[in-house]
Amino acid sequence: MLRLVACTWLILGATTPCLAQEVAPAADTVVLKAGSQSLSKADYERLVPGFDRHAGAPLTSGDIRSQQAGKEVGRLLALADEAKRRGLDQEAELAALIKVRTYTLMANALLARLVAEMKRDEAGTRAYFEQHKHEYTELEVRHILIRHRASDTANGKSKAHPRSEAAAKALGNKYLAELHKGADFGQLARKVSDDTLTRAQGGNLPAFSRGAMSSEFEAAAFALAPGEIGPLVRTAHGYHLIQLQAKRPFAFERVRSTLEFARAREAIERIANAEVELNTAYFKP
């Protein structure tokens with residue numbers, strides 16, 4: 001690193017100090033040598049971002065211009081240089097592994113490029129959102145839970161519960177009939193639900209989106225219209241009666257990055273599936 005030293009200038013009889021300034025080296029200035037390899041400033045700064053935990057060569061220093069970071073990069077280059085001198089890069093097994101890593105890096109780079117393209121295509125992402133809005137929705141529901149001996153709890157099986165599964169199912173259908181006759185869902189939940197976390201709130205659950213609940217509970221809840229009470233649902237926790245109170249699509253900006261990534265993933269799948277041909281004489285079903 002070049003450095004201008006302090007100096008003084010004579011201006012109308014007065015002296016003015018010159019502040020020391022750092023002058024960055026040119027892009028082609030060699031900043032690191034290891035074995036037979038050398039790296040210019042530009043090459044080093046392009047190379048260092050690849051040194052991360054996913055690549056298996058993490059830098060312990062957060063500052064790429066620290067001597068510690070330079071030494072870590074230099075050590076790896078020196079080892080790679082020695083491996084190449086010994087001809088390890090010509091061994092078939094290692095060459096195949098390098099190819100696979102290259103393919104993976106290229107595929108990941110393509111995904112990143114596609115995500116960047118989707119970020120610039122707001123109109124396309126908004127159209128995608130309109131087509132998939134049902135997937136980006138949150139629900140407000142309340143439920144009544146009827147446990148039995150075989151159902152799970154937060155602490156394991158409800159072995160101490162005297163109710164059999166058959167009895168729990170019959171009881172659930174009894175409560176469902178009462179609700180269809182006009183019983184208030186919240187009041188019934190406060191009275192009979194085995195969910196101690198929501199019973200006092202009339203069975204109200206926190207708002208949730210897809211992937212937050214068990215698949216059986218989620219499928220039943222998302223199939224309902226607001227105000228509708230669904231049929232009895234069996235999950236690992238017991239039997240549930242579910243009433244949908246509200247269904248709200250997410251705001252576009254809340255899920256924009258998720259949508260962009262989803263579009264990029266779909267593009268990846270189209271590209272990958274369209275370009276693959278298998279020799280069925282070799283590959284088995």
Side-chain angles (χ1 to χ4, degrees), residues 1-9 11 15-91 93-122 125 211 250-268 271-272:
M1 178 75 63
L2 299 177
R3 196 175 181 84
L4 299 180
V5 297
C7 58
T8 58
W9 292 91
I11 303 177
T15 58
T16 303
C18 291
L19 298 178
Q21 298 181 24
E22 290 186 345
V23 179
D28 59 353
T29 301
V30 173
V31 296
L32 186 154
K33 292 182 179 181
S36 64
Q37 300 192 61
S38 61
L39 290 178
S40 68
K41 172 181 177 291
D43 288 339
Y44 174 77
E45 291 178 355
R46 279 193 294 264
L47 183 67
V48 168
F51 283 73
D52 57 26
R53 297 192 182 280
H54 299 294
L59 288 179
T60 58
S61 172
D63 182 2
I64 67 169
R65 291 180 59 185
S66 71
Q67 291 187 13
Q68 179 182 345
K71 288 177 180 177
E72 289 174 358
V73 173
R75 279 170 52 84
L76 190 61
L77 290 183
L79 293 171
D81 190 63
E82 178 62 15
K84 188 173 183 179
R85 188 186 69 78
R86 297 186 182 206
L88 296 182
D89 60 326
Q90 301 302 313
E91 293 184 358
E93 186 175 344
L94 180 58
L97 180 59
I98 291 171
K99 276 189 176 182
V100 171
R101 294 288 176 87
T102 301
Y103 297 155
T104 302
L105 288 171
M106 292 296 289
N108 289 339
L110 176 60
L111 177 59
R113 176 64 59 84
L114 288 170
V115 170
E117 291 175 3
M118 301 308 172
K119 288 183 180 298
R120 295 192 293 271
D121 181 22
E122 180 177 340
T125 301
F250 289 133
F252 173 75
E253 290 300 334
R254 178 175 173 181
V255 293
R256 180 171 179 172
S257 61
T258 302
L259 295 166
E260 291 163 348
F261 187 78
R263 292 183 67 204
R265 287 293 309 179
E266 288 187 7
I268 284 284
I271 295 168

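Listed by chain and number, the residues in a side chain to side chain contact (heavy atoms under 4.5 Å, CB included) with Asn108 are Thr104 (sequence neighbours excluded). Taking Ala267 as the reference, Leu114, Met118, Arg270 meet the side chain to side chain contact (heavy atoms under 4.5 Å, CB included) condition, with sequence neighbours excluded. Every residue two or more places apart in sequence or in another chain was checked for a ring pair (Phe, Tyr, Trp, His ring centres under 6.0 Å) with Phe261, and none qualifies. Partners of Leu94 under the side chain to side chain contact (heavy atoms under 4.5 Å, CB included) rule, at least two apart in sequence or in another chain, are Leu88, Leu97, Ile98. Evaluation of the side chain to side chain contact (heavy atoms under 4.5 Å, CB included) rule for Glu253 yields Arg126, Arg256 as partners, not counting sequence neighbours. Residues forming a salt bridge (Lys or Arg N to Asp or Glu O under 4.0 Å) with Asp43 (at least two apart in sequence, or on another chain): Arg46. Residues that satisfy the salt bridge (Lys or Arg N to Asp or Glu O under 4.0 Å) test with Arg75, not counting sequence neighbours, are absent from this structure. With sequence neighbours excluded, the residues that form a side-chain hydrogen bond (donor to acceptor under 3.5 Å, both in side chains) with Glu266 are Tyr128.
Residue pairs that meet the salt bridge (Lys or Arg N to Asp or Glu O under 4.0 Å) test with at least one member in residues 102-119, sequence neighbours left out, are Lys119-Glu260.
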Show me the donor-acceptor pairs within less than 3.5 Å that the side chains of residues 77-87 make with the rest of the protein, sequence neighbours left out.
from  : atom 1 : to    : atom 2 : distance (Å)
Asp81 : OD1    : Ser36 : OG     : 2.6
Asp81 : OD2    : Ser36 : N      : 3.1
Asp81 : OD2    : Ser36 : OG     : 3.3
Glu82 : OE1    : Arg85 : NE     : 3.0
Glu82 : OE2    : Arg85 : NE     : 3.4
Glu82 : OE2    : Arg85 : NH2    : 2.6
Glu82 : OE2    : Arg86 : NE     : 2.8
Glu82 : OE2    : Arg86 : NH2    : 3.4

Side-chain donor-acceptor distances from residues 25-35 under 3.5 Å, at least two apart:
from  : atom 1 : to    : atom 2 : distance (Å)
Thr29 : OG1    : Ala26 : N      : 3.2
Thr29 : OG1    : Ala26 : O      : 3.1

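Note that the CD atom of Glu72 and the CD1 atom of Ile64 stand 12.5 Å from one another [nearest 0.5 Å].
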